[in-house]
Amino acid sequence: DEVTDTHFEPQTHMAKLKFATDLPLYEKVSLCRARESGVDAIFLEDVDGTLNPTGQAHPGFIVSDDHNQLDKFVPNLSCMNMLDTCARYCPNICLRTVRIA
């Protein structure tokens, strides 16, 4: 049988993560292996801005950098590339999944 619905929405909460100060961003978070496995449309909420690549603690979402549907809701200018992570960081936004059957 062909699988047509690959939607998976875990309820995961991350906050107050601590990393070594010299650790590169791609070792803190990377969506590259997920992309290589065929997984796209990843949205991870960064509640306290720990993973914000600017170093400022502005909360936002880490999103797949190849997910074109996101651009319909969030202008690309409001998201910044996260070098070598296959992701973008979108500060000060709130994303939610809505399924219409």
Side-chain angles (χ1 to χ4, degrees):
D1 293 327
E2 181 181 348
V3 176
T4 57
D5 183 9
T6 57
H7 180 85
F8 177 67
E9 187 176 347
Q11 299 297 318
T12 304
H13 178 81
M14 297 180 290
K16 299 181 183 175
L17 301 174
K18 302 224 184 275
F19 300 99
T21 56
D22 61 344
L23 195 64
L25 187 59
Y26 64 85
E27 289 190 20
K28 296 176 186 177
V29 63
S30 177
L31 303 182
C32 296
R33 292 186 90 183
R35 180 198 296 180
E36 292 166 5
S37 299
V39 178
D40 67 352
I42 297 173
F43 304 84
L44 304 172
E45 185 174 8
D46 183 14
V47 176
D48 57 7
T50 302
L51 295 169
N52 187 326
T54 66
Q56 300 174 359
H58 295 296
F61 275 78
I62 298 165
V63 301
S64 308
D65 68 356
D66 62 343
H67 189 59
N68 296 329
Q69 296 299 320
L70 177 66
D71 293 333
K72 294 177 183 175
F73 299 99
V74 179
N76 200 26
L77 295 176
S78 64
C79 298
M80 62 194 88
N81 287 327
M82 299 175 73
L83 188 63
D84 298 325
T85 66
C86 303
R88 293 184 284 169
Y89 194 88
C90 304
N92 302 316
I93 65 167
C94 182
L95 299 174
R96 296 292 179 251
T97 301
V98 177
R99 290 188 71 176
I100 300 172

Rounded to the nearest 0.5 Å, how far does [atom2] of [Y] lie from [atom1] of [X]?
X     : Y     : atom1 : atom2 : value
Met82 : Ile62 : CE    : CD1   : 4.5 Å
Lys18 : Leu23 : NZ    : CG    : 14.5 Å
Arg88 : Phe61 : CZ    : CZ    : 14.0 Å

Q: Decide side-chain contact (heavy atoms from CB on, under 4.5 Å) for Leu31 and Thr85; before the verdict, give the C-alpha distance in whole Å, the side-chain angles of both, and the deciding distance to 0.1 Å.
A: CA-CA 6 Å; Leu31 303 182; Thr85 66; over 6 Å; no

Q. What about Phe19 and Val29, same hydrophobic cluster or not, with Ile/Leu/Val/Met/Phe/Trp/Tyr joined at side-chain heavy-atom distances under 4.5 Å?
A.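 Yes; tracing contacts between hydrophobic side chains, which count when under 4.5 Å, links both residues.
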
Q: Using the rule that two of Ile, Leu, Val, Met, Phe, Trp, Tyr join whenever any of their side-chain heavy atoms come within less than 4.5 Å, decide whether Met80 and Leu83 are in one cluster.
A: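 Not linked; separate clusters.
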
Q | Those residues that, when tested against Asn92, pass side-chain contact (heavy atoms from CB on, under 4.5 Å) (two or more places apart) | A |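 Partners of Asn92 by the side-chain contact (heavy atoms from CB on, under 4.5 Å) criterion, ordered by chain and then number, come out as His58, Pro59.
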
If you look at every heavy atom in [X] and [Y], which pair is closest and at what distance?
X     : Y     : value
Leu51 : Asp46 : N-OD2, 2.8 Å
Ser64 : Ile42 : OG-N, 2.8 Å
Ser78 : Pro91 : O-CD, 3.2 Å
Asp84 : Cys32 : O-SG, 4.1 Å

Q.
Side chains of Tyr89 and Asn81 only: does a donor on one sit below 3.5 Å from an acceptor on the other?
A.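 Absent: no donor and acceptor within the cut-off.
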
(Q) Filter on salt bridge (Lys or Arg N to Asp or Glu O under 4.0 Å), then keep only pairs touching residues 28-37, sequence neighbours left out; what's left? (A)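 Applying salt bridge (Lys or Arg N to Asp or Glu O under 4.0 Å) to every pair that reaches into residues 28-37, excluding sequence neighbours, yields Arg35-Asp65, Arg35-Asp66.
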
